[in-house]
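Structure first, commentary second.
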Amino acid sequence: MSARDARLAFAIVAPPAAWTFQLLAVYLLVSLACAKHVVVPLGTQAAGAAAALVALAALATALGARDEGDGPRRFLSRAAALAAALFLGGIVLGSLPGVLVAGCA
Amino acid sequence: MSERPLSATATFEQRLARVWESAPDEAGWVTTTDHKRIGERYIVTAFLFFVLGGIEALVLRAQLARPEIALVDPAMYDALFTMHGTTMIFLFATPILSGFGNYLVPLMIGARDMAFPRLNAFGFWVFALSGVFLYASFAASSIPQNGWFAYAPLAGPRYSPETGMDFWTLGLVFLGISTTAGAINFIVTIAKLRAPGMSIDRMPLFVWNILVTAIAMLFAIPSLTVAAALLELDRVAGTRFFDPAAGGSPLLWQHLFWIFGHPDVYIIFMPAVGMVSSIVPVFARRPIVGYTALAVSSVTTIVISFGVWVHHMFAVGIAAQALGVFSAASMLIAVPAGVQVVAWIVTIWAGRPVWTTAFLFAVGFVVLFVLGGLTGVMVAAVPFDWQVTDSYFVVAHLHYVLFGGMVFPLFGAFYYWFPKMTGRLLDERVGALNFWTMFVGFNLAFFPMHIAGILGMPRRVYTYPAGAGLDAVNLVSSIGAFVVALSVALFVANAAVSLRRGRLAGRDPWQANTLEWSTASPPEPFDFARLPAVASRDPLWGPKVANAREPAALATAWRQTTATSALEARPELFLRMPGDSIWPALAAAALLALFGAILFRFLVLVPFGLALLFALVARWLWPSPETPGAHVGARPGPRELPVGRAPGWWGMALVVATDATIFALLLASYGYLGFAGNGPWPPPGSERPQLAIPLVGTVVLLASSAPIAWAEAGIRRGDVRRLAIGIGIAMALSAGFVVLQAIELTRKAFAPQTNAYGSAFFTITSFHGLHVIVALLLGAVLLVRAWRGGLDRERHLAVQNVALYWHFVGAVWIVILAVLYLSPQVTG
C-alpha cells in the first residue's frame with residue numbers, strides 16, 4: 001500500500017472509528033462509575049477530546065487529498081471529508097452530555 | 001447447461017444461451033442458479049408472507065376497531081401480533097429487498113450472475129424453508145406469543161415453556177443463515193463483478209445501498225443469532241444466560257437483540273432508499289443531484305445505526321450521561337437522512353418530472369419518510385421517549401419508518417421494474433388508484449396511533465375500555481388498515497392482468513440510465529451477450545456503452561463472467577461459474593431437518609444432521625466437470641501481471657468476518673454478565689480456570705497453523721505430496737487440541753447449568769471446539785481431493801480458503817484464552 005493510499009484509508013476509517021470509540025468509552029466509563037463506583041477522573045472528556053482530534057486529523061487529511069489521484073480516489077477523498085465532518089459533529093454532540101448532565105442521575 | 005442440441009451455424013447468442021439456461025423441466029426448477037429466477041422467487045415468496053402478515057394485521061385491527069370486543073382471545077391476539085411483526089420484519093421486508101437485489105444487481109453492474117450462484121440458490125431455499133418452519137407453529141397449535149423482540153425472561157423456559165418460542169428462536173437462527181449467505185454474495189458480487197470501467201464512483205446508487213446493507217447484515221445478523229441461540233440454550237439445555245437467580249441478565253437479551261434490531265431498521269430501509277434514488281432521476285429526467293453526498297449518507301447512516309441500539313432501552317435504567325450520549329447519536333442520524341431528502345427534492349425541483357405511478361410512490365415515500373424521521377428525532381429525546389415508551393406512539397413511528405420508508409418505495413419499484421422482469425407494463429390508471437388508496441389508507445391507519453399513544457394507550461393490549469377517548473382514533477385506524485388492504489388487492493389484480501395483457505415494454509420503456517435497461521425484457525439467461533464496458537455514471541445517458549474484451553471461445557465453453565478490481569473495476573479474471581445444482585436445495589432441506597430435530601428434542605439426531613449437512617455442502621463445492629480448471633487471467637502479456645484474489649477467497653474472508661463477530665459477541669456477553677453481576681467473577685463455587693492444559697493446548701493449536709501454511713506454499717508450486725503431509729500434520733495437532741480441551745472440560749467442577757458463568761464458559765469453549773472439528777473435516781476433504789487429483793498448481797483456491805479458516809480458528813483461540821482463562825487470574 002502506497003503512502004497516499006494509507007492516508008486515504010486513514011481518512012476513511014478513522015472518523016467512524018473515533019466516534020465509535022467515544023460512544024463505547026463513555027458508556028463503559030459512566031457504567032463503571034455508576035454501577036461499580038470506579039471513577040476515572042476526566043475519563044469521558046479525555047475520550048471525547050481524543051476522538052475529536054483523530055476525526056479532525058482525518059478531515060484535514062481528506063481535504064488535503066481531495067484533488068489528488070484518479071476518479072475513484074478523488075471520489076473517496078471527498079466522501080471521506082464529508083463523513084469526517086459528520087462524525088466530528090457527532091463527537092462534539094456526544095461530548096455535550098458530559099458537560100450538561102450529571103453522570104448517574 | 002441445457003442438453004438442447006445446437007447446429008454448427010448457431011449464433012454466439014444461441015451458444016451462450018445453451019451454456020446459461022437451466023433445464024426446462026421440474027428438475028431445472030429446483031436446481032436453477034439463475035439470479036433472475038432466484039430473485040423472482042424471493043419476491044413472490046416474500047410477497048406471500050406480506051399477504052399473510054397483512055391478514056394478521058387486519059384481524060388485529062378488527063379486534064381493536066371497537067372497545068371491549070372479543071373477536072379473538074388475548075392469547076391469540078398475542079400470537080397474531082408476534083407473527084405479524086416477525087413475518088413483516090424477517091420474512092417480508094428483508095427477503096423481498098434481497099429479491100430485488102438478486103434480480104437487479106448483476107444486471108446493473110454488467111455481470112452475468114452473482115459471484116456465488118449456488119450459494120444464492122441455497123439462500124433462497126433456506127429462506128423459504130425457514131418461513132415454513134416458523135408458520136408450522138400454527139399447525140402445531142403452539143404459536144410464539146412474545147412479540148417480535150421476545151424479551152427475556154418472558155421468552156425463557158419458566159414463563160414460556162411451550163414450543164412456540166422454540167419455533168421463533170430456531171426459525172430466526174435458520175433464517176439468519178440465508179441472510180448471511182445473501183450478504184456475502186452481494187458484497188463479493190458488487191466488489192468483484194462490476195463491468196470494466198464501473199469504478200466505485202460510477203456505481204448506481206441502488207447498488208451502493210445494497211452494498212452497505214449487505215455489510216450491515218454481515219455484522220448485525222450475528223447479534224440476533226447469538227441472542228436467539230443463547231435463549232434456545234436456556235430453553236433446551238438448561239443454561240442460565242437470562243436467569244437473574246443464577247447470575248444471568250435479562251438486559252443481556254435486550255443489548256444483543258437491539259445491536260441487531262436497530263441496524264435492521266436500516267437494513268430494511270437502505271435498499272428502499274436505493275430504489276428511490278433509481279426512480280427519482282429517471283422520472284425527473286436529469287441525473288441525480290448530490291451523488292457523492294447520497295453515497296456517503298448511506299454509508300454513514302449504516303455506521304451510526306450500529307451505535308444507537310441503547311435508544312431502544314432508554315427506560316431500563318441506564319445512567320443519565322450514557323443516555324445523553326446515545327440520544328445525541330440517535331439525533332446524529334437525522335443529518336445524513338436530511339441530506340438524502342434534500343438531494344431528492346433538488347433533483348425533482350431541477351428536473352422535468354413525469355408523474356408515473358413509480359414516481360408517485362417515490363414522492364409519497366419522501367413525505368412519509370420526513371414524518372417518520374421527525375417522530376424518530378422525538379423519541380430520540382430521552383424525556384419524550386420515557387413518556388411514550390411502549391405506547392401506540394412508538395407503533396405509529398415504526399410504521400411510518402418501516403411501511404412508509406420501505407413499502408412505498410417497494411411498490412414504486414414494482415411499477416418501475418415490472419416491465420424489465422416480465423416484458424409488460426403495469427396499468428398506470430390502476431397504478432394511480434393503487435397509490436392514492438395506499439397513501440390515504442396508510443395515513444388513516446397510522447397517524448391516529450400517534451394520538452392514541454399520547455393519550456396513553458399501551459401497545460400490545462387486545463382491547464381498551466369504552467369512553468377512554470380511544471374509540472374514535474382506533475376506529476379510524478382500523479378503517480385505514482382495510483383501505484391499505486384494498487390498495488394491495490388492487491396491485492395484485494393489476495399485476496395478474498398486466499402479466500397477460502399489459503402493454504409490451506420493450507427494452508427501455510422509461511428511457512432510463514442504468515445497464516439493466518440495455519438488456520432484453522425479460523433478460524436472456526446470460527443477461528448480456530457482450531459484457532459492457534462503462535465510461536460514465538449514467539451509462540445509458542452518457543457515451544455509448546462499449547463491449548468489454550472477452551474471449552468468445554471461453555464465454556461459450558462454460559458459464560463465464562469477468563472479475564474486476566474493487567476500486568477501479570479493471571479486468572482481473574475471467575471467472576468460470578458453477579452450473580445448476582441440486583445440492584444447495586438438499587443442504588437447505590438438511591438444515592430444516594436439523595432444526596426440526598432440535599425443536600422436537602430429538603437431540604441424538606443432531607450430530608447426524610450436522611454430518612449430513614457437511615457431506616452435502618462438501619458435495620456441492622466439489623468441482624464438477626463443467627468447471628474443470630482455474631479462472632483465467634484477464635490481462636495476459638509478456639510478463640504476468642499480478643491479479644487480485646479470486647471471489648471465492650473473498651467469500652471465505654467474509655465468512656470469517658461474520659464468524660469473528662459471533663465470537664466477539666459471545667465474549668462481550670461473558671464480559672457483560674461478569675460486569676452486571678454483583679459478586680465476584682467467576683462466582684463462588686466456580687473455581688478459577690487452571691492454566692496447564694489450556695496452555696499446552698494453545699501451543700498445539702497454534703503450531704498447527706505452520707504446517708497448513710507450508711502445505712499451501714507447496715501446492716502453489718504444484719507439490720501435492722507436500723500438501724498432503726502438511727495437512728496431515730496440522731490435522732494431527734488440531735485433533736490433539738480437541739482431546740486436551742475435552743479433558744479440560746470434563747474436569748470442571750461446574751456445568752453449563754450451574755450458573756451464567758458456567759453457561760458462558762462452556763458455550764464459548766464448545767463453540768470454538770466445534771470450529772476446530774470443522775477445520776479437521778475440511779482438512780479431510782482437502783486430502784481426498786488431493787488424492788483424487790483435484791488439487792494442483794492451477795487449482796488450489798480450496799487450500800487457500802481452508803488455510804484462512806484454520807489461521808482464524810487459531811487466532812480466535814488466543815482471544816478466548818485471554819478472556820476466559822487469563823483475565824480471571826487477574827480479576828478473580
Side-chain angles (χ1 to χ4, degrees), chain A residues 5 8 12-13 15-17 19-36 38 43-45 47-48 62 66 69-105, chain B residues 194 197-203 208 255 290-304 306-310 317-336 338-339 382 535-537 565-570 668 671-672 674-678:
Chain A
D5 285 351
L8 185 56
I12 292 169
V13 173
W19 175 80
T20 307
F21 163 75
Q22 184 210 20
L23 193 77
L24 295 180
V26 171
Y27 186 33
L28 185 69
L29 290 169
V30 172
S31 300
L32 269 176
C34 298
K36 306 286 182 189
V38 180
T44 58
Q45 289 86 340
R66 70 187 185 280
D70 51 7
R73 282 184 175 73
R74 246 194 332 265
F75 166 78
L76 285 177
S77 303
R78 291 173 182 190
L82 287 172
L86 176 70
F87 284 111
L88 183 59
I91 290 164
V92 172
L93 200 61
S95 300
L96 291 180
V99 181
L100 301 174
V101 182
C104 303
Chain B
R194 300 198 308 275
M198 188 179 278
S199 51
I200 200 162
D201 54 326
R202 291 175 181 163
M203 278 185 355
W208 260 109
H255 279 294
Y291 172 92
T292 305
L294 280 164
V296 171
S297 295
S298 297
V299 175
T300 52
T301 300
I302 284 291
V303 172
I304 297 169
F306 275 90
V308 298
W309 80 93
V310 171
I318 289 171
Q321 193 181 334
L323 289 182
V325 173
F326 281 100
S327 173
S330 304
M331 291 181 185
L332 183 66
I333 223 163
V335 177
V339 167
V382 178
S536 74
R537 199 172 277 168
S565 59
L567 201 58
E568 298 100 339
R570 289 195 186 129
Y672 181 83
F675 181 82
N678 287 323

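Treat the numbers as computed from the prediction; the structure is a model and nothing was measured. To find a chain, count down the sequence lines: A is the first, B the second, and so on, and within it residues start at 1.
We find the OG-CD1 distance between A:S31 and B:I318 to be 7.5 Å, quoted to the nearest 0.5 Å. Here B:L567 contributes atom CG and A:D5 contributes atom CG; the two are 8.0 Å apart, rounded to the nearest 0.5 Å.
Closest approach of B:Q321 and A:V101 over heavy atoms only: N-CG1, 4.0 Å. Taking every heavy atom of both residues into account, B:A329 and A:L23 meet most closely at CB-CD1, 4.0 Å.
Contacts between B:F675 and chain A at a heavy-atom distance below 4.5 Å involve backbone atoms as well as side-chain atoms. Both the backbone and the side chain of A:L32 come within contact range of chain B, judged by heavy atoms closer than 4.5 Å. Of the two parts of A:R74, neither the backbone nor the side chain holds a non-hydrogen atom closer than 4.5 Å to a non-hydrogen atom of chain B.
Within the 4.5 Å cutoff, the side chain of B:V325 has no heavy atoms near those of the A:Y27 side chain.
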Would you list the atom pairs, donor with acceptor, under 3.5 Å between side chains in residues 79-96 of chain A and any protein atom, with sequence neighbours excluded?
{"residue": "A:S95", "atom": "OG", "partner": "A:Q22", "partner atom": "NE2", "Å": "3.1"}
{"residue": "A:S95", "atom": "OG", "partner": "A:I91", "partner atom": "O", "Å": "2.9"}

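Per-residue heavy-atom pair counts under 4.5 Å with chain B were compared for A:P15, A:P16, A:A33, A:G71, and the maximum is reached by A:G71.
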(request) Verify side-chain contact (heavy atoms from CB on, under 4.5 Å) between B:I304 and A:W19, making sure each step is shown before the conclusion. (result) CA-CA 9 Å; B:I304 297 169; A:W19 175 80; 3.9 Å; yes

(request) Quick one: do B:R202 and A:F75 satisfy side-chain contact (heavy atoms from CB on, under 4.5 Å)? Show the steps, please. (result) CA-CA 10 Å; B:R202 291 175 181 163; A:F75 166 78; over 6 Å; no

